[in-house]
Amino acid sequence: MNLAFWKKNKEGQPKKKKSTAREWLDAGIFAIIAATLIRTFIFEAYTIPTPSMEKTLLVNDFLFVSKISYGPRIPMTPLAMPFVHHTMPFTKSTKAYSEAIKWKYKRLPGFSDIKRYDVVVFNFPEGDTVAIDAPDPSYYNMVRQNGWQAVNNSYQIIHRPVDKRENYIKRCMAEAGDTLKIVHGVVYVNGQPAPVPPGSQHKYVVETTGDQLNASRLDELGITGPEYTFDNNKYVYNLTPDNVAALKQFPIVKNISVYEESNYVDFNYNMVFPHDTAHFKWTEENFGPLYIPKKGATIKLDDSNIAIYDRAIRVYEGNTLERKDGKFIINGQPADSYTFKMNYYWMMGDNRNNSLDSRFWGFVPEDHVVGKAWLIWMSYGDNGIRWSRLFRGIK
């Protein structure tokens, strides 16, 4: 590590050899610096903690996420402990970073832009405020359901910068400038049905003639459940496209349709983005149409869409926005339109009915994007290592 090892001291003799402890210290410092540079600018390892992407990605899949695909993001909070994301080990809320220095968002050139249907890792957009030990990962959702005072009196509340928010992984279903719509569970982008990932799952109502489905046959197909039963002949299963095709061949199956929760329970429309039940009664399965903001694009602002773009204007792009005398005031000036400074994306989990995604909290700004999911390098489940998944590319 001593690049001047060949130099001589004042007496003309070679410099004294470093001690073993010094050699190890120098090697350790070099390893930390090298690993930090690799994690920041080339690729980083992540673990899948939840089933929101099953069966494309499984819990305890270990991934490499490429930072160079979309261009490495320069750290916005550079003073941080190496190899630690946002919280010191063995603590619940001790920050592993300092905000004494903050850098503006900047991304180095990459190999491509974010494309539709890429599997992307990003910082949780609603993760700027966190209720420690809360059962719901979204502080804002808890406030919408229980009120600000109840949440803030019950939990320790902390705030995090963009690059220190929780990491999420979802599929990009719409890119900047697209218009997205969901009809009976089918996603449409710019008026065309979106491709269905073969490993994706969706809840379906399987209606039979009244006979029970063969449990052994279901197990062979990897189908568990049912999750619910209605009228003694309607069963709700979480199925892949191949599962649906297989079940349609069963003689006792009369019909298979997408399960829409709003048809069976008293649905809470306020749970779904943009959380404005006066103008929008969207659900997970029937949503939109919705325009995804693009950098440089200008939209008209009115009561019918302000709830959709309010957070992007105020929080993600750092403006003040208020309503006064029936007019919108942005940064102190009357405005009936807004021009976006960043690109935005719409992210959804492949396990559609078990995914906290854009349908619940909205857009992902480009400055929140971490990288592209690239390769599964390790995977294990209840029965040990899943050998068939090792070193598989992610599609």
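Keep in mind that the numbers below use all heavy atoms, side chains included, and drop hydrogens, waters and symmetry copies.
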Exercise for the section: List for me each residue that meets ring-ring contact (aromatic ring centres under 6.0 Å, His included) alongside Y269, sequence neighbours excluded, and say none if there are none. Expected result: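 Expected list: F267.
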Practice task
Identify, with sequence neighbours excluded, every residue that meets ring-ring contact (aromatic ring centres under 6.0 Å, His included) alongside Y309.
Solution key: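 Once residues adjacent in sequence are excluded, the partners of Y309 under the ring-ring contact (aromatic ring centres under 6.0 Å, His included) criterion are F340, F363.
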Under the salt bridge (Lys or Arg N to Asp or Glu O under 4.0 Å) rule, collect the residues that match up with [X], sequence neighbours excluded.
X    : answer
R165 : none
E220 : R217
D303 : R323
K106 : none

Just to verify, what does [X] make a side chain to side chain contact (heavy atoms under 4.5 Å, CB included) with, not counting sequence neighbours?
X    : answer
V244 : Y204, L239, K248, I256
R39  : E44, F83
L58  : E54, K55, D61, R386, R389
Y264 : V205, F230, Y259

Roughly how far apart are [X] [atom1] and [Y] [atom2], rounded to 0.5 Å?
X    : Y    : atom1 : atom2 : result
F124 : S138 : CZ    : OG    : 4.5 Å
L247 : L221 : CG    : CG    : 6.5 Å
Y316 : D128 : OH    : CG    : 7.0 Å
N232 : Y235 : CG    : OH    : 7.0 Å

Any salt bridge between [X] and [Y], counting N to O under 4.0 Å?
X    : Y    : answer
E126 : R144 : yes
R171 : D350 : yes
R352 : E284 : no

Test item: [X] side-chain N/O and [Y] main-chain N/O as donor-acceptor pair under 3.5 Å:
X    : Y    : result
N343 : K294 : no
N152 : W148 : yes
D302 : N305 : yes

Exercise for the section: Hydrophobic side-chain clustering at under 4.5 Å (ILVMFWY, transitive links): who's grouped with Y46? Put none if nobody. Expected result: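 Via sub-4.5 Å side-chain contacts, Y46 links to I48, M53, L57, L63, V65, V119, V121, I169, V370, I376, I394.
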Exercise for the section: Scan N141, D276, T277 and name whichever one has a side chain to side chain contact (heavy atoms under 4.5 Å, CB included) with N270. Expected result: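 Result for side chain to side chain contact (heavy atoms under 4.5 Å, CB included) with N270: T277.
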Exercise for the section: Keeping to residues at least two apart or across chains, list the side chain to side chain donor-acceptor pair (under 3.5 Å) pairs with something in residues 185-201. Expected result: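 For residues 185-201, and leaving out neighbouring residues, the side chain to side chain donor-acceptor pair (under 3.5 Å) pairs sorted by first residue read D178-N190.
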